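Below is one structure, written out as structure tokens, with a few remarks after it.
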Amino acid sequence: MSTLSIIVPLLFMASLGYFVTAKGPFRKEHIGGISLFTFYLSIPAFLFCNMYNADLVKSFALESLLAFYLPVLAIFAIGSGLYYWSKDNGASARSPMFGLSCSYSNTILVGLPLIVGALGEGVMGNVFAIITFHSALLFAMTFLLSARFGTTAHGLRNSLKGIVVNPIVLSITLGLILNLFNVPLNDELFSALSLLSQPALACALFVLGANLSFYKITNDWHFALVATSIKLILLPLCVYVTGHYLLDLASTELAIVVLLSASPLGVNAYLIAMQVQALQPVVASTVVLSTLLSTLTMSIWLTILL
């Protein structure tokens with residue numbers, strides 16, 4: 001597939017969600033209902049079905065995990081350090097929150113549909129092996145470091161509990177367990193789950209576009225621009241160098257880790273900012289700015305990788 005044929009359908013669904021919410025008949029409560037269906041039913045069914053059928057031997061490759069997570073952790077540290085040493089900010093919960101804004105990727109709403117369009121559903125097992133630990137690791141680090149700078153650990157406990165019972169994590173874990181132990185599923189049940197999973201990616205992109213209408217770019221746009229530049233340029237470049245030159249990944253595995261890392265800042269980062277009471281305007285602005293600019297940067301990466 002050409003880069004244009006991959007990007008245009010994704011942009012169409014996201015743009016449709018934005019315009020029918022910002023200009024059309026859809027209101028915030030309508031999008032809330034679609035979001036509940038998408039993230040509690042359709043996407044979990046999609047993830048479960050694909051993990052259940054995944055080739056586990058090929059999916060959990062240590063080299064791919066290292067190629068993705070080593071740069072992510074490094075960028076988290078760099079982003080936190082940059083904010084820590086910036087003028088008039090100093091040590092506070094804002095530093096790890098800025099680090100999260102530079103390193104946390106929207107793997108479900110953007111990375112997953114893009115990879116499916118570019119590489120097909122056969123690589124889903126490799127994708128899930130990476131994103132399973134993504135939120136848990138980065139959110140836990142953010143809360144722990146925020147607690148170090150005075151934020152209570154109550155948010156950490158609630159967040160980790162929420163991650164454990166998260167329907168996305170549960171669906172991947174359940175599919176992994178049944179696949180690992182070769183547990184057969186009733187054909188009718190699997191067909192029903194497959195039917196439920198069909199609108200998952202389209203709904204995810206629609207909800208992403210709709211959510212962008214709720215966020216605005218604030219006066220802290222310069223911090224958002226720095227975080228966006230690190231997130232969309234430096235992070236995927238580090239992943240590419242690590243995967244290609246240090247770990248010698250195959251082309252498909254390299255494309256997966258780079259495209260996941262090149263995804264814009266995930267919307268869930270704003271929820272974490274709300275919990276730690278730090279940088280909410282900056283994070284919201286970074287979500288909007290990185291999502292808009294990612295259409296260009298991810299097109300460039302697709303051209304390089306495919």
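Please read all numbers here as calculations on a predicted model, not as lab measurements.
Under the ring-ring contact (aromatic ring centres under 6.0 Å, His included) test applied with F206, the options Y18, F26, F37 reduce to a single match, F26. With L112 as reference, L47 is the one residue of N50, L47, N106 to meet the side-chain contact (heavy atoms from CB on, under 4.5 Å) rule.
Side-chain polar atoms of S135 and Y104 form a donor-acceptor pair below 3.5 angstrom. For the residue pair K23/S213, the side-chain donor-acceptor check at 3.5 Å is not satisfied.
A distance-only check finds no donor-acceptor pair linking the side chain of T242 to the backbone of V239 [under 3.5 Å]. A donor-acceptor contact shorter than 3.5 Å links the side chain of S294 to the backbone of T291. Of the possible donor and acceptor atoms, none in the side chain of K231 sits under 3.5 Å from a partner among the backbone N and O of P236. Listed for the K28 side chain is no donor-acceptor partner under 3.5 Å among the backbone atoms of T21. Remark: side-chain polar atoms of Y52 are paired, donor with acceptor, to backbone N or O of V183 under 3.5 angstrom. Side-chain atoms of S42 come within 3.5 Å of backbone atoms of A200 as a donor-acceptor pair (strictly under, hydrogens ignored). S15 places no side-chain N or O within 3.5 Å of a backbone atom of F12 that could act as its donor or acceptor partner. The backbone N or O of F60 lies less than 3.5 Å from no partner atom in the side chain of S64, so there is not a single donor-acceptor pair. In this structure a side-chain-to-backbone donor-acceptor pair under 3.5 Å is missing from N126 to E253.
Under a hydrophobic clustering in which Ile, Leu, Val, Met, Phe, Trp and Tyr are joined whenever their side-chain heavy atoms come within less than 4.5 Å, directly or via other members, Y40 and L195 fall into different clusters. At a threshold of 4.5 Å between side-chain heavy atoms, the hydrophobic network of Ile, Leu, Val, Met, Phe, Trp and Tyr places L293 and L114 in one connected group. Residue F190 is grouped with residue L174 when hydrophobic side chains (ILVMFWY) are merged at heavy-atom distances under 4.5 angstrom, including chains of intermediate members. The hydrophobic cluster containing L201 also contains I34, counting ILVMFWY residues as joined when their side-chain heavy atoms lie under 4.5 angstrom apart, directly or transitively. With hydrophobic clusters built from ILVMFWY side chains whose heavy atoms lie under 4.5 angstrom apart, L41 does not share a cluster with V207.
Judged as a ring pair (Phe, Tyr, Trp, His ring centres under 6.0 Å), and not counting sequence neighbours, the contacts of Y270 are Y215.
To the nearest 0.5 Å, atom CD1 of residue I272 and atom OG1 of residue T142 are 7.0 Å apart. Remark: M51 CE to S171 OG distance equals 9.0 Å, nearest 0.5 Å. Atom CD1 of I256 and atom CG of L249 lie 9.5 Å apart (nearest 0.5 Å). Atom CD1 of residue I6 and atom CG of residue L306 lie 5.5 Å apart, to the nearest 0.5 angstrom. Atoms CZ and CD1, from F68 and I131 in turn, are 9.5 Å apart once rounded to the nearest 0.5 Å. Interatomic distance, OG1 of T297 versus CG of L237, reported as 12.0 Å (0.5 Å rounding).
Using a 4.5 Å cut-off on side-chain heavy atoms (C-beta onward), V127 and M124 make contact. Taking the side chain as every heavy atom from C-beta outward, L292 and V288 approach each other to under 4.5 Å. The shortest side-chain heavy-atom distance between P96 and F76 falls under the 4.5 Å cut-off. Contact of the L185 side chain with the F48 side chain is registered, since non-hydrogen atoms from C-beta on lie closer than 4.5 Å. Contact of the H134 side chain with the L260 side chain is not registered, since no non-hydrogen atoms from C-beta on lie closer than 4.5 Å.
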Using the side chain to side chain contact (heavy atoms under 4.5 Å, CB included) rule, take L100 and M97 through it: C-alpha gap first, then chi angles, then the decisive distance, then the call.
-> CA-CA 5 Å; L100 182 70; M97 195 62 235; 3.3 Å; yes
From CA spacing to verdict: side chain to side chain contact (heavy atoms under 4.5 Å, CB included), L109, F39 | CA-CA 10 Å; L109 295 185; F39 293 106; 3.4 Å; yes
Going through the distances and angles, do V110 and M298 end up as a side chain to side chain contact (heavy atoms under 4.5 Å, CB included)?
-> CA-CA 10 Å; V110 178; M298 296 193 81; 3.8 Å; yes
Intermediate values then yes/no, side chain to side chain contact (heavy atoms under 4.5 Å, CB included), V116 and V123 | CA-CA 8 Å; V116 169; V123 301; over 6 Å; no
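In terms of heavy atoms, L302 sits closest to A118 at CD2-CB, 3.9 Å. Across F98 and F223, no two heavy atoms sit closer than the pair CE1-O, 3.5 Å. Annotation for P113 and L10: closest pair CB-CD2, 3.9 Å, computed over non-hydrogen atoms. In plain terms, the two heavy atoms of L232 and P264 that are nearest each other are CD2-CA, 4.0 Å. Across every non-hydrogen atom of S263 and L259, the tightest pair is OG-O, 3.0 Å. Shortest non-hydrogen contact noted between S105 and L235 is OG-CD2, 4.4 Å.
Y240 and W301 have tilted rings, their planes meeting at an angle from 30° to 60° on a 0 to 90° scale.
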